[in-house]
Structure formats: structure tokens, C-alpha cells
Engineer: 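My questions will all concern the structure given below.
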Amino acid sequence: MENIRVQGWVRTRRDSKGGFSFLEVNDGSCLKNLQAIIDANLPGYEELTHQLTAGSCVDLLGNLVESPAKGQSVELQVAELKVYGTADPEKYPLQKKRHSFEFLREIAHLRPRTNTMGAVMRVRNRLAWAIHKFFNERGFLYLHTPIITASDCEGAGEMFQVTTLDLDKVPKVDGKTDFSQDFFGDKTGLTVSGQLEGETYALALGEIYTFGPTFRAENSNTSRHLAEFWMVEPEMAFYDLDDDMDLAEEFIKYLVRDVLDNCADDMAFFNQRIDSTILDTLKNIVENSFERLHYADAIHLLQKSGKTFQYAVEWGCNLQAEHERYLAEEAFKKPVMVYNYPEAIKPFYMKLNEDKETVRAMDVLLPKLGEIIGGSQREDDFEILVDRMKIKGVDPEEYWWYLDLRRYGSAPHSGFGLGFERLVQFVTGMENIRDVIPFPRTPKHARF
Ligand code: 4AD
Ligand code: MG
């Protein structure tokens with residue numbers, strides 16, 4: 001018997017004829033509710049218990065005892081009870097029945113009180129912690145790269161603009177916006193990647209990683225895209241592409257193992273309610289090595305798969321989600337790392353191979369999800385980098401500071417970016433990326 005205090009939100013109340021009320025209370029610390037028993041002899045019983053409807057908030061003092069009944073090992077015998085806030089049962093949107101995830105997205109401020117969102121957020125939290133642990137154990141330095149920047153790392157024209165100019169009275173010179181009058185005196189936007197700034201620190205401090213918000217004005221309304229997401233980007237001096245792939249594989253395995261070891265209850269819930277194969281899938285990831293496949297071989301495999309894809313497959317094409325999933329889910333039934341992509345479809349900073357046709361790029365593809373990581377060895381040759389910039393329409397003068405890294409003490413180096421929400425999605429088995437971030441930002445949706 002132990003005297004404890006519990007503060008949390010009522011999930012359900014049941015009144016028994018024997019002069020007791022049973023409360024299921026949850027404070028978010030774990031999936032399971034605590035059963036609390038209120039004796040009808042408790043002072044104020046009548047008045048207090050009728051306020052204890054789903055969603056109300058309580059403070060309970062009492063004895064924690066072994067439970068004689070099935071379903072829980074312990075229960076709380078309430079000695080003192082206080083109601084902090086009631087929740088009108090006629091209006092509280094989270095009633096006992098199961099709600100669709102679409103509906104829950106419309107009440108993003110209340111959905112953390114559901115079992116699923118609670119479990120997702122605990123796993124998300126554990127993964128964030130495990131990411132820092134992984135890098136810290138390996139001597140990587142955690143670097144904060146800027147959120148406002150003038151460089152479009154991926155060159156895809158997907159930057160959100162940041163400006164204090166009056167949009168009704170934009171100053172112009174020769175018909176073009178005069179950014180010299182803007183706050184930063186320059187055209188700026190929200191970062192699409194911290195990589196370029198990360199490289200500058202890797203080429204001084206050795207091994208660094210960033211972990212921060214990333215923004216893309218990409219009009220993709222899919223279950224894998226957000227306009228605001230979190231990305232983890234390690235960048236390492238003296239790593240070649242093989243080292244980069246080794247680290248990516250070790251990283252994903254470490255994170256999956258950490259969640260299996262530390263979030264057993266939440267993971268059992270996902271396996272039971274969301275995706276009955278998730279535990280097997282994750283064990284399979286930890287136990288097997290990832291397949292490494294040349295882009296050219298991937299194309300070959302896709303062509304002879306006998307499948308009809310929506311997007312045609314030929315050397316030089318971008319791999320679409322359907323192709324990525326075929327490789328990881330059907331062809332190999334495990335994670336696949338595709339590398340050496342055609343230079344024409346990849347950004348300027350990737351190292352050109354000797355064949356001059358391909359770059360030292362790699363993507364990690366996971367079953368059910370597709371791409372989770374994109375990375376590469378970086379071009380460390382000054383002349384080749386300038387050429388690649390010109391071909392890609394990137395002005396070398398604007399990137400003089402990036403080129404300086406190749407002018408002074410250039411070194412082979414590599415890195416990758418892992419989409420944090422895609423990781424949470426993969427580990428929990430959740431189908432939609434909007435349900436693994438507290439407040440999703442997607443086209444036409446940023447109000448709350
Ligand atoms: O492949 P991406 O575009 O690579 C980069 O940004 C590199 N600069 C990374 C690097 O080498 N340091 O993005 C990396 C990952 C993707 O594999 C994906 O997991 C995630 O970021 N990602 C997104 N996640 C959610 N919503 C989006 N719109 C995403 N775009 C990319
Ligand atoms: Mg990519």
C-alpha cells in the first residue's frame with residue numbers, strides 16, 4: 001500500500017451499484033490508464049462524481065493497492081478528490097467511440113489526449129532523444145544552422161520567402177523587386193536544408209550533425225510530405241560514400257532498436273491497432289543488412305519486374321515512390337540503398353564519378369515508406385564544382401563562401417539527411433505523416 005497523488009484527465013467513469021465509482025485516468029506518461037476507485041462515502045461524492053465526465057481534469061490523493069480485479073495490476077483508492085476543470089459531455093469532442101484520423105486532425109489541439117497520439121508522441125520523443133544519443137556517443141558535434149537563409153541548397157525552387165516588404169507596395173527597380181530595401185537587403189527564405197552550412201563546420205570540426213525544422217513550399221499533398229518537417233543532417237569530413245552508407249545503416253538500426261527496447265507498451269499498441277506487421281518489420285530491419293544497389297541495377301530490376309508502373313522506367317529517370325516501394329517491399333523485402341544516380345537529376349554539390357555521368361549520391365529506401373534518407377559524397381574539386389554549378393544554373397559568385405571550402409584545405413566529405421517525421425511514421429506504422437507531428441503544415445493548412 002502506498003500513498004500517492006495523481007493528476008490527469010478522465011477517460012471514462014463507471015458507477016457501480018455497490019456504492020463505488022470507477023475512474024479511468026490518464027496523465028500522458030504512458031499508454032495505460034490508472035483505475036481509481038471512489039467510495040460513495042467520500043465527502044461530496046454526489047456533487048463531485050457527476051462532474052467527472054470524459055475530458056475533465058482531476059487531482060486524486062489516495063492509496064495505491066494491488067487490484068483484485070482483472071485488467072490492471074494496481075488501482076487507486078481515492079481518499080481526496082479535486083476537480084480542476086470539467087468538460088461538458090454534450091460538447092467535448094472526444095467521446096468514447098473511435099474517431100477517424102481525419103476528424104482528429106481538425107481538433108489538433110485535443111488529439112494529444114487520444115491513445116494513438118499519446119503513443120506517437122512518446123515514440124517521437126524517444127527517437128529524438130536516441131538521435132542525440134547516437135551522435136553524442138560517436139563524438140559528433142550538434143550544430144545549429146540558420147533557419148533564415150539566402151541559399152536554396154536543393155536548387156528546387158521550393159523556398160518559402162521571408163520578407164518585411166509591403167506586399168501591396170513592392171519596391172521595384174527595372175521592373176524587378178528591389179530586395180536591397182528588404183529587411184536583410186537580400187532575397188531570403190526559410191531553409192530547405194542545413195547541409196551547406198553544415199559542410200562549413202564539418203570542414204573544421206570533423207563530424208557534425210544538425211537536427212532542426214526544415215521548410216519546403218512543395219505542393220505535394222501526399223501522405224509523406226509536409227511543408228514544415230524536421231530533418232537530421234550529419235556531415236563528416238574524410239568520409240567517402242561507402243562510409244556514408246555505413247553510417248546511415250548503423251543509424252537507422254540503432255534508432256529502431258532503441259524504440260523496441262524502450263517503448264514496448266506503445267509499440268505493442270501500434271502492432272495491435274495500427275499495423276499488425278510493424279514489430280516483425282522492425283525486427284527484420286535490426287537483424288538484416290541493407291541491400292546496396294547501383295542506380296543502373298535498380299533501373300534494370302524495375303524494367304524486368306513485369307510490373308506496370310504509372311511512371312515509365314528508363315535510365316535517367318527519377319525514382320518515384322512506386323519504384324522505391326517495389327525495390328524495398330517486393331524485390332528485396334528489406335531496406336535498400338540505391339547509389340550512383342545520374343548527375344542530371346541530382347543537385348550541384350554531389351561528387352561527380354569518373355564516368356562523368358553519375359554522382360556519388362545515395363538514397364535509403366524502406367519498405368512501405370520509400371525514401372527516408374538522401375545523401376551523398378560532396379564535390380571537393382573546385383573546378384568541377386564550379387562547372388556543375390553553372391550547368392545547374394547556380395551562380396558561383398553567390399556561393400563564394402561555399403567555394404572557399406574547396407579553395408582552402410578542401411577534403412573529401414559526405415553527409416545525408418533523414419526526414420524525422422518519415423522515421424516516426426515508419427517506426428509507428430502510421431499511414432499519414434500528418435499524424436506524427438503535433439501541428440502539421442501542408443498546402444492550405446497552417447491555422448493551428
Ligand atoms: O533528399 P533530400 O531533399 O536531401 C537533402 O535535403 C540533402 N541536403 C540532405 C543532406 O545530404 N544533408 O531530403 C532528405 C530527407 C528525405 O529523404 C526525406 O526523408 C525528408 O528529408 N524530406 C521530407 N520529409 C517530409 N516532408 C517533405 N516535404 C520532405 N522532403 C524531404
Ligand atoms: Mg531526396
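Counting convention: from 1, in listed order, for ligands and their atoms alike.
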Engineer: Test your reading of the model: is there a side-chain donor-acceptor pair from Glu235 to the backbone of Gly198, 3.5 Å cut-off?
Structural biologist: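 The answer is no, because no donor-acceptor pair under 3.5 Å joins these two groups.
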Engineer: Would you check whether Phe420 reaches within less than 4.0 Å of ligand 1, judged by its heavy atoms?
Structural biologist: no
Engineer: Nearest protein heavy atom to atom 18 (C) of ligand 1, by residue and atom, and its distance?
Structural biologist: Arg422 NH1, 3.6 Å
Engineer: Salt-bridged, Arg388 to Glu343, with N to O below 4.0 Å?
Structural biologist: yes
Engineer: Flag Gln195 as yes when one of its N or O atoms lies below 3.5 Å from any N or O atom of ligand 1, and as no otherwise.
Structural biologist: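 Between Gln195 and ligand 1, an N or O pair is found under 3.5 Å apart.
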Engineer: Measuring from the heavy atoms of Glu228, does anything fall under 4.0 Å of ligand 1?
Structural biologist: no
Engineer: Would you please classify the geometry between the Tyr295 ring and the Tyr341 ring as parallel, tilted or perpendicular, with 30° and 60° separating the classes?
Structural biologist: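 Plane angle between 30° and 60°, so tilted.
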Engineer: Which atoms from ligand 1 have a heavy atom of Gly374 less than 4.0 Å away?
Structural biologist: 1 (O), 9 (C), 10 (C), 11 (O), 17 (O)
Engineer: Determine, for Tyr254 and Arg138, whether the Lys NZ or Arg CZ falls below 6.0 Å from the six-membered ring centre while staying within 45 degrees of the axis.
Structural biologist: yes
Engineer: Below 3.5 angstrom, do we get any N/O pair linking Ser376 and ligand 1?
Structural biologist: no
Engineer: Grab the two heavy atoms, one from Thr145 and one from Glu197, that are nearest each other, plus how far apart they are.
Structural biologist: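 In terms of heavy atoms, the two residues are closest at CG2-CB, 3.7 Å.
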Engineer: Under 4.0 Å from a heavy atom of Arg378: give me the atoms of ligand 1 that qualify, with their elements.
Structural biologist: 10 (C), 11 (O), 12 (N)
Engineer: Using the side chain to side chain contact (heavy atoms under 4.5 Å, CB included) definition, which of the options Met121, Met430, Arg124, Arg126 pairs with Val424?
Structural biologist: Arg124
Engineer: For atom 6 (O) of ligand 1, grab the closest protein heavy atom and report residue, atom and distance to one decimal in Å.
Structural biologist: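 Answer, as residue, atom name and distance: Arg216 NH2, 2.8 Å.
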Engineer: Does Phe348 have Lys392 sitting over its ring (NZ/CZ under 6.0 Å from centre, angle to axis within 45°)?
Structural biologist: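 So Lys392 doesn't make the cation-pi contact.
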Engineer: Relative to the heavy atoms of Met231, which atoms of ligand 1 are at a distance of less than 4.0 Å?
Structural biologist: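 Selected atoms, number and element: 6 (O), 13 (O), 14 (C), 15 (C), 21 (O).
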Engineer: I'd like the name of whichever of Glu371, Lys346, Gln377 reaches closest to atom 17 (O) of ligand 1 through any heavy atom.
Structural biologist: Glu371
Engineer: Starting from atom 19 (O) of ligand 1, locate the nearest protein heavy atom and write down its residue, its atom name and how far away it is, to 0.1 Å.
Structural biologist: Ile372 O, 2.8 Å
Engineer: Using a 3.5 Å cut-off on N or O atoms only, is Leu226 in polar contact with ligand 1?
Structural biologist: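 Leu226 vs ligand 1: N/O contact under 3.5 Å present.
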Engineer: May I ask you to list the atoms of ligand 1 that are less than 4.0 angstrom from any heavy atom of Ser193?
Structural biologist: 6 (O), 8 (N)
Engineer: Does any N/O atom on Phe229 come nearer than 3.5 Å to any N/O atom on ligand 1?
Structural biologist: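 For ligand 1, there is no N or O atom that lies under 3.5 Å from one belonging to Phe229.
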Engineer: Tell me whether the rings of His132 and Phe211 are parallel (<30°), tilted (30 to 60°) or perpendicular (>60°).
Structural biologist: tilted
Engineer: I'd like to check which ligand 1 atoms, numbered from 1 as shown, lie under 4.0 Å from a non-hydrogen atom of Tyr349.
Structural biologist: 7 (C), 8 (N)
Engineer: Determine whether the side chains of Ser29 and Asp27 contain a donor N or O and an acceptor N or O closer than 3.5 Å.
Structural biologist: yes
Engineer: Would Arg224 count as a contact residue for ligand 1, given that I'm defining contact as a non-hydrogen atom of the residue lying under 4.0 Å from a ligand atom?
Structural biologist: yes
Engineer: Taking 4.0 angstrom as the limit and counting only heavy atoms of Glu218, give me the atoms of ligand 1 inside it, by number and element.
Structural biologist: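 In order of number, 28 (N).
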Engineer: So among Asn262, Asp266, Asp265, which one has a side-chain hydrogen bond (donor to acceptor under 3.5 Å, both in side chains) with Arg122?
Structural biologist: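 Exactly one candidate clears the test, Asp266.
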Engineer: Quick one: give me the number of protein N/O/S atoms under 2.8 Å from the Mg ion (ligand 2).
Structural biologist: 1
Engineer: For atom 15 (C) of ligand 1, what's the nearest protein heavy atom and its distance?
Structural biologist: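 Going atom by atom, the protein heavy atom closest to atom 15 (C) of ligand 1 ends up being Gly417 O, 3.6 Å.
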Engineer: Does any N or O atom in Glu235 lie less than 3.5 angstrom from one in ligand 1, N or O only?
Structural biologist: no
Engineer: Looking at Ile373, which atoms of ligand 1 are within less than 4.0 Å of one of its heavy atoms?
Structural biologist: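 Answer for ligand 1: 17 (O).
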Engineer: Could you check whether the rings of Phe309 and His323 sit parallel, tilted or perpendicular, using 30° and 60° as the cut-offs?
Structural biologist: perpendicular
Engineer: For a quick test of reading the model, state the closest non-hydrogen atom pair linking Leu203 to Ala237 and the distance between them.
Structural biologist: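 Answer, listing the atom of Leu203 first, then Ala237: CD2-CB, 4.3 Å.
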Engineer: What atoms in ligand 1 come closer than 4.0 Å to a heavy atom of Gly419?
Structural biologist: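 What qualifies from ligand 1 is 15 (C), 19 (O), 20 (C), 21 (O).
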Engineer: Using the six-membered ring wherever Trp is involved, compare the ring planes of Tyr399 and Tyr402 and label them parallel, tilted or perpendicular (cut-offs 30° and 60°).
Structural biologist: perpendicular
Engineer: Report the nearest protein non-hydrogen atom to atom 12 (N) of ligand 1: residue, atom name, distance rounded to 0.1 Å.
Structural biologist: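 For atom 12 (N) of ligand 1, the nearest protein heavy atom is Glu233 OE2, 2.8 Å.
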Engineer: Distance-only, no hydrogens or angles: does the Asp258 side chain make a donor-acceptor pair with backbone N or O of Ala130 under 3.5 Å?
Structural biologist: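 No; zero donor-acceptor contacts below 3.5 Å.
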Engineer: Using the ring centroid of each side chain, check whether Phe140 and Phe134 are separated by less than 6.0 Å.
Structural biologist: no
Engineer: For Glu249 and Ser289, does a side-chain donor sit closer than 3.5 Å to a side-chain acceptor?
Structural biologist: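 There is no such pair (donor and acceptor under 3.5 Å, judged by atom type) between the side chains of Glu249 and Ser289.
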Engineer: Parallel, tilted or perpendicular, judged at 30° and 60°: which one describes the rings of Phe160 and Phe215?
Structural biologist: perpendicular
Engineer: Is Tyr209 touching ligand 1 with its side chain, its backbone, both, or neither, if touching means heavy atoms under 4.0 Å apart?
Structural biologist: neither
Engineer: Scan the side chains in residues 325-333 for donor-acceptor partners under 3.5 Å anywhere in the protein, sequence neighbours excluded, and list what turns up.
Structural biologist:
unit_1	atom_1	unit_2	atom_2	d
Arg325	NE	Glu329	OE1	3.0
Arg325	NH2	Glu329	OE1	3.4
Arg325	NH2	Glu329	OE2	3.4
Glu329	OE1	Lys368	N	2.6
Glu330	OE1	Lys307	NZ	3.1
Glu330	OE2	Lys307	NZ	3.2
Lys333	NZ	Glu330	O	3.3

Engineer: If we only count N/O pairs under 3.5 Å, is Cys153 in contact with ligand 1?
Structural biologist: no
Engineer: Who's the nearest protein heavy-atom neighbour of atom 4 (O) of ligand 1, and how far?
Structural biologist: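 For atom 4 (O) of ligand 1, the nearest protein heavy atom is Glu154 OE1, 3.9 Å.
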